[in-house]
Visitor: 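Just dropping this structure here.
Bear in mind that the values here come from a model prediction, so they are computed numbers and not experimental data. Residue numbers run from 1 in the order of the sequence given.
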Amino acid sequence: MNFHDTSVETAGSAISQWPDTDALYRRFDALVNQPIRPIRRDAMGKVLDYFEARCQASKHLSEQAKQVIPGGVQHNLAFNYPFPLAIREARDAHMTDIDGNRYIDFLQAGGPTLLGSNHPAVLMQVQKLLNECGPITGLLHEYEVKLAELVCQVMPGVDMLRMMGSGTEAVMGAIRLARAYTGKKRVIKIGGGYHGWSDQMVYGMRLPNTGRMEAVGIPRGSTATTQESLPNDLDAIRRKLRWNRLRGGTAAIIVEPFGPESGTRPVPRDFNAQLRKLCDEFHALLIFDEVVTGFRAGMGGAQAYFGIKPDLTILGKCLTGGYPMAGGIGGRRDIMMMLVGGIGTTAKRAFVGGTLTANPLSCAAGYYALLEMQRTQAAVKAGRAGDRLRQGLEQIIERLGLPYVAYNMGSIVHLQTSGVMLLDTSNLLKLVRAKNEAKQRKHMMEEMGAAYTAHGVITLAGSRIYTSLADTDEVIDDALNRFEDVFKLV
């Protein structure tokens, strides 16, 4: 079956069209206010048979892993129902497991590999670097400078860049920097947003209004100055800013510019512009967490797409093209100068560190990956693949009469079938109800993800898809036929 993109495209943009958020939220409400539509029990049995018949080497390795790794899984993005697959090869748009099964790779390592997995142009440069000096020196290397210069050149809100080890570390450093620069301590985040796993940010994760629900092992003092506000509610943010002003002020507002969980709850088109005005009015810094949107939304990130300059920018994932130690803090020069490093520094500074940060391997990989993204217009082409996939999914969903919701922001494609991430938790009563319902909906999401896998498609937890430069029309059409086969099992 062939699927054709009929959207009105914006030439040269990684995001051809911003979703109609009002229409989306009406569809979200319809999805979560009706009984779930899972795969039929007889069909689900056949899905699980696939893993037993075709994935025995993965099953054996996962059982071995459980003896030495908690739960047998290291990565939170690893899909472990009915057990995690062990991958032997990842290249371009596909990956192959150790049993020899081949899959379309829409996980793309959780988003970093915008060029597709193991891109040869980057691999060649990394191999050359390793032969010359190895992965790390502990001293300055030219690729630190080249990578920083390139990021500063393409991202409007970045005058200077300090590399970090991961997106989580970059968030930690940026919040510390915001507090040091402003002399204030309170930080507002959007409920349901994910900003890594540091103590202060394990607050209101996944579902809005859940506060410390996942803060196991984290002292209350660690989250005492973290506040959350319901998604897309500018009036609620203003009220918090006003209240904070009476108690010493707000250091920063940190947001995912597409909306919580990479746009799972998408923002209206003008949300970030209004947020910028609020931050200016209340003298708070605006922090864009562009770990996912950085370079996926285009070389200039979401800030260039929306035309908004944040004070600080968090980078990760695509920054090093899928290679490790991917994290960075960028921002205004006057703020960034408080991150001066080195022994003997006497100026007041926000202390950050990391032995392996800004190592030559990561910086070289990042520099050449970004150059290749720029040369190939990877974000634009991956975005077109996302458009094609989303439109095809919409056609299948409509034809089969399913309540599911597909939408995308360029190469970030969301496929909501169970709606577990969309439950209404805006007040205490609704939160209690959501907790009871979430388990059932979460299991449905796991089953959908397993069914996609059994049909040769790897997704992020069965609800998110990252397209890449490697996703040709042929790859997308193949994937759509496989998704349709799964939806016919409902």
Side-chain angles (χ1 to χ4, degrees), residues 157 168 170-257 259-260 265 267 271-289 308-314 329 331-332 334-339 348-352 425-428 430-431:
T168 290
V171 168
M172 290 166 58
I175 290 174
R176 181 175 297 173
L177 175 58
R179 287 171 170 153
Y181 182 81
T182 63
K184 304 167 186 175
K185 59 185 179 181
R186 291 179 179 82
V187 173
I188 300 172
K189 63 164 298 216
I190 305 301
Y194 181 72
H195 302 288
W197 53 272
S198 65
D199 282 5
Q200 61 200 335
M201 285 290 107
V202 181
Y203 191 87
M205 289 207 311
R206 314 300 184 195
L207 288 172
N209 207 34
T210 52
R212 288 179 48 87
M213 189 170 74
E214 295 195 57
V216 178
I218 299 174
R220 287 198 170 272
S222 298
T223 55
T225 52
T226 303
Q227 302 169 318
E228 64 167 319
S229 190
L230 290 176
N232 303 335
D233 191 340
L234 290 163
D235 289 337
I237 294 174
R238 175 178 285 278
R239 288 194 295 272
K240 278 188 167 54
L241 289 166
R242 281 176 173 163
W243 177 238
N244 288 350
R245 187 163 57 186
L246 299 175
R247 301 183 298 163
T250 303
I253 299 177
I254 182 169
V255 295
E256 296 177 74
R265 295 172 184 263
V267 298
F271 179 80
N272 291 294
Q274 298 302 318
L275 206 55
R276 175 73 274 178
K277 290 178 182 177
L278 280 174
C279 287
D280 291 342
E281 180 183 346
F282 288 88
H283 306 291
L285 299 188
L286 175 59
I287 304 175
F288 269 14
D289 182 339
I308 304 298
K309 274 191 182 183
D311 300 296
L312 292 173
T313 298
I314 309 297
I329 306 168
R332 277 173 26 201
D334 60 323
I335 304 173
M336 291 297 296
M337 284 303 293
M338 293 194 74
L339 287 179
K348 179 183 175 184
R349 64 170 172 171
F351 187 88
V352 297
T425 55
S426 57
N427 62 47
L428 186 59
K430 290 178 178 178
L431 178 60

Visitor: Indicate the atoms forming the closest heavy-atom contact of Trp197 with Val202, along with that distance.
Guide: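 Shortest heavy-atom contact: O-CG2, 3.6 Å.
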
Visitor: For the side chain of Thr226 and the backbone of Gln200, is there at least one donor-acceptor N/O pair under 3.5 Å apart?
Guide: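 Side chain of Thr226 to backbone of Gln200: a pair is present.
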
Visitor: Do Arg276 and Asp311 sit within salt-bridge range, that is, some charged N less than 4.0 Å from a carboxylate O?
Guide: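 Yes, Arg276 and Asp311 are salt-bridged.
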
Visitor: Only one of Leu312, Asn272, Ile253 forms a side-chain contact (heavy atoms from CB on, under 4.5 Å) with Phe288, so which one is it?
Guide: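 With Phe288 as partner, Leu312, Asn272, Ile253 yield a single side-chain contact (heavy atoms from CB on, under 4.5 Å), made by Asn272.
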
Visitor: Indicate yes or no for a side-chain donor-acceptor contact from Lys184 to the backbone of Arg245 under 3.5 Å, with no hydrogens or angles considered.
Guide: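 Looks like no, no N/O pair under 3.5 Å.
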
Visitor: If you compare all heavy atoms of Gly191 against all heavy atoms of Pro260, which two are closest, and at what distance to 0.1 Å?
Guide: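 Smallest interatomic distance, heavy atoms only, reads O-CG, 3.7 Å.
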
Visitor: Would you find a donor on one side and an acceptor on the other, under 3.5 Å apart, between the side chain of Arg265 and the backbone of Pro208?
Guide: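 The answer is no, because no donor-acceptor pair under 3.5 Å joins these two groups.
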
Visitor: How close do Ala174 and Ile314 get, heavy atom to heavy atom, and via which atoms?
Guide: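 Taking Ala174 first and Ile314 second, the nearest heavy atoms are CB-CD1, 3.2 Å.
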
Visitor: Quick check: does any side chain N or O of Lys189 sit under 3.5 Å from a backbone N or O of Gly204, one acting as donor and the other as acceptor?
Guide: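 Answer holds: yes.
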
Visitor: Which atom names give the shortest non-hydrogen contact between Ser222 and Ile218, and what distance separates them?
Guide: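 Between these two residues, the closest heavy atoms are CB-CG2, 3.7 Å.
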
Visitor: Could you grab the distance from atom NZ of Lys348 to atom OH of Tyr181, nearest 0.5 Å is fine?
Guide: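 Answer rounded to 0.5 Å: 11.0 Å.
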
Visitor: When you measure from the side chain of Thr168 to the backbone of Ser198, do you find a donor-acceptor pair of N or O atoms at a distance under 3.5 Å?
Guide: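 Checked: no pair found.
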
Visitor: Please determine which of Leu241, Ile237, Asp235 meets the side-chain contact (heavy atoms from CB on, under 4.5 Å) test together with Arg239.
Guide: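 Exactly one option meets the side-chain contact (heavy atoms from CB on, under 4.5 Å) with Arg239, and it is Asp235.
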
Visitor: Which pair of non-hydrogen atoms, one from Glu256 and one from Tyr194, has the smallest distance, and what is that distance?
Guide: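 Result for this residue pair: OE2-N, 3.0 Å.
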
Visitor: Given 3.5 Å as the limit, does a donor-acceptor pair link the side chain of Arg186 with the main chain of Thr225, or not?
Guide: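 Side chain of Arg186 to backbone of Thr225, a donor-acceptor pair under 3.5 Å: no, none is there.
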
Visitor: If you compare all heavy atoms of Thr250 against all heavy atoms of Ala284, which two are closest, and at what distance to 0.1 Å?
Guide: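 Taking every non-hydrogen atom into account, O-CB, 3.4 Å.
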
Visitor: Okay, side chain of Glu281, backbone of Arg238: is any donor-acceptor separation there less than 3.5 Å?
Guide: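 No.
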
